[in-house]
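Have a look at the structure below before the remarks.
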Amino acid sequence: MDKGVAYIRMPLAFAALLGACGANDAPAAKSRSPLADFLIQNVCVDEAGATTGEDPASCLRSRDLQSGEVPPFLLTDYDKAYGGTRYQAVTSVPTPEGRVRVSKHMGDDLAAEFDPASDGYDIIEQDGNYVSFIATYDQQCGEQRLSGAGSDDGWLLFPNRPLGEAGSRRQDMTVERIDARAACPSGERMSRVGGKQIVAYWEAPHTVSFESGKTLTTIVSEHHAHHDLSQSNNAIERFYFTREYGLSRWEAWIPKSRCIEERGQGDPLRMCDPDDPENFLRGRCAPDDGTAMRGGQQWIRIDCRDTTFHWPRP
């Protein structure tokens with residue numbers, strides 16, 4: 001059981017933001033983004049061009065996965081503290097419309113077909129001024145569609161152009177919950193965060209070392225619930241995109257004061273102290289980078305999924 005599942009989506013007033021919608025509801029993409037290689041996972045090929053089950057991070061030849069292809073391997077997380085448990089498998093696959101579907105399998109069988117009772121997925125568009133999530137599906141809130149940033153953009157990730165340096169943009173956000181459920185933190189069908197409170201921040205491609213021991217060129221994108229990082233009722237999500245795997249890692253951060261207020265000093269998972277030997281994330285997220293000072297206060301990483309572990313499909 002994934003004890004960190006409560007933080008798979010940012011627990012804020014707009015708690016359920018992130019991506020998935022039916023392909024038939026979306027217009028065709030205008031063009032392929034110059035950064036599409038960071039959005040779509042690769043598959044290895046032999047000299048004849050046939051796909052192999054090798055790891056795209058180390059094989060001699062690879063290419064982007066094509067629409068309709070099923071990769072001959074899984075990309076999963078790996079919990080060293082819990083006997084090598086794998087909680088999630090992620091695939092980043094292009095759709096016929098030119099978008100990217102990031103599927104997240106979280107049931108007992110990570111190789112099974114999509115199960116709405118346990119799995120989720122995000123949809124990324126790459127034809128606006130920015131690359132962005134435009135929809136999401138999760139177990140709590142069902143299907144949600146994201147918009148409001150302009151030019152058909154939703155939850156902004158980074159500009160739709162080659163990135164030479166870090167940058168940021170403030171944005172609004174509208175969330176339409178197609179099948180709002182009782183378990184969803186917000187039962188409203190439609191909600192909006194205005195006033196340009198939300199911040200999208202991105203970093204130019206650079207090398208990042210992952211839990212799997214691999215060092216890969218990566219675009220990091222952050223989503224700040226509010227631009228004022230000194231606020232205690234705030235949250236950050238970090239997304240890591242690589243050429244080899246597409247979406248490769250995700251993290252959730254909140255101020256330590258908020259963590260203690262919500263979970264209490266006696267939290268059995270020790271989520272508010274990454275250095276605690278009993279911290280639940282220690283086996284899948286290195287504790288030495290689990291805290292940070294931002295906005296004049298201490299922030300804590302309270303969930304993460306590093307899915308850079310190559311696993312032959314069972």
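Note on ring orientation: taking the six-membered ring where Trp is involved, the planes of Tyr240 and Phe210 are perpendicular (angle over 60°, cut-offs 30° and 60°). His224 and Tyr201 have parallel rings, their planes meeting at less than 30° on a 0 to 90° scale where 60° marks the start of perpendicular.
When all heavy atoms of Gly164 and Ala204 are compared, the pair lying nearest together is C-CB, 3.8 Å.
If you check the side chains of Thr307 and Asp77, you find no donor sitting under 3.5 Å from an acceptor. For the residue pair Ser62/Asn42, the side-chain donor-acceptor check at 3.5 Å is satisfied. Looking at Glu125 and Ser132, their side chains do bring a donor and an acceptor atom within 3.5 Å of each other. For the residue pair Thr174 and Arg192, a side-chain donor N or O sits within less than 3.5 Å of a side-chain acceptor on the partner. No side-chain donor from either of Trp202 and Glu222 sits under 3.5 Å from a side-chain acceptor of the other.
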Run His223 and Met173 through side-chain contact (heavy atoms from CB on, under 4.5 Å) and show every step you take. CA-CA 12 Å; His223 183 98; Met173 177 77 74; 3.7 Å; yes

Please lay out, stage by stage, how Thr215 and Ser209 fare under the test side-chain hydrogen bond (donor to acceptor under 3.5 Å, both in side chains). CA-CA 4 Å; Thr215 299; Ser209 295; 3.2 Å; yes

Test log, rule side-chain hydrogen bond (donor to acceptor under 3.5 Å, both in side chains), inputs Asn160 and Ser33: CA-CA 6 Å; Asn160 195 2; Ser33 168; 2.6 Å; yes

With side-chain contact (heavy atoms from CB on, under 4.5 Å) as the test, would you mind laying out the steps for Ile198 and His227 before giving the verdict? CA-CA 6 Å; Ile198 301 168; His227 60 82; over 6 Å; no

Run Thr242 and Thr218 through side-chain hydrogen bond (donor to acceptor under 3.5 Å, both in side chains) and show every step you take. CA-CA 5 Å; Thr242 66; Thr218 307; 5.9 Å; no

Run the numbers on Arg86 and Trp311 for side-chain contact (heavy atoms from CB on, under 4.5 Å), then give the verdict. CA-CA 10 Å; Arg86 301 174 191 265; Trp311 191 29; 3.5 Å; yes

Please lay out, stage by stage, how Arg294 and Ser230 fare under the test side-chain hydrogen bond (donor to acceptor under 3.5 Å, both in side chains). CA-CA 7 Å; Arg294 307 185 73 165; Ser230 68; over 6 Å; no

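Checking side-chain atoms of Glu251 against main-chain N and O of Phe239 turns up no donor-acceptor pair under 3.5 Å. Under a 3.5 Å cut-off, the side chain of Asp267 and the backbone N or O of Arg263 do not form any donor-acceptor pair. Checking side-chain atoms of Glu69 against main-chain N and O of Gln66 turns up a donor-acceptor pair under 3.5 Å.
A salt bridge (Lys or Arg N to Asp or Glu O under 4.0 Å) with Asp122 holds for exactly one of Arg99, Lys104, Arg101; it is Lys104.
Ring to ring, Phe280 and Tyr82 are close: their centroids are under 6.0 angstrom apart. Phe114 and Tyr137 have their aromatic ring centers within a separation under 6.0 angstrom.
The neighbour count for Glu261 CD, taken as heavy atoms of other residues, nucleotides or ligands under 6.0 Å away, does not exceed 12.
Taking hydrophobic clusters as Ile, Leu, Val, Met, Phe, Trp and Tyr residues chained together by side-chain heavy-atom distances below 4.5 Å, Leu74 does not share a cluster with Val100. Hydrophobic clustering (ILVMFWY, side-chain heavy atoms < 4.5 Å, transitive): Tyr87 and Phe309 are in distinct clusters. Val199 and Leu156 fall into different hydrophobic clusters, where Ile, Leu, Val, Met, Phe, Trp and Tyr residues are linked whenever their side-chain heavy atoms come under 4.5 Å apart, directly or through other members.
With sequence neighbours excluded, the residues that form a salt bridge (Lys or Arg N to Asp or Glu O under 4.0 Å) with Asp55 are Lys214.
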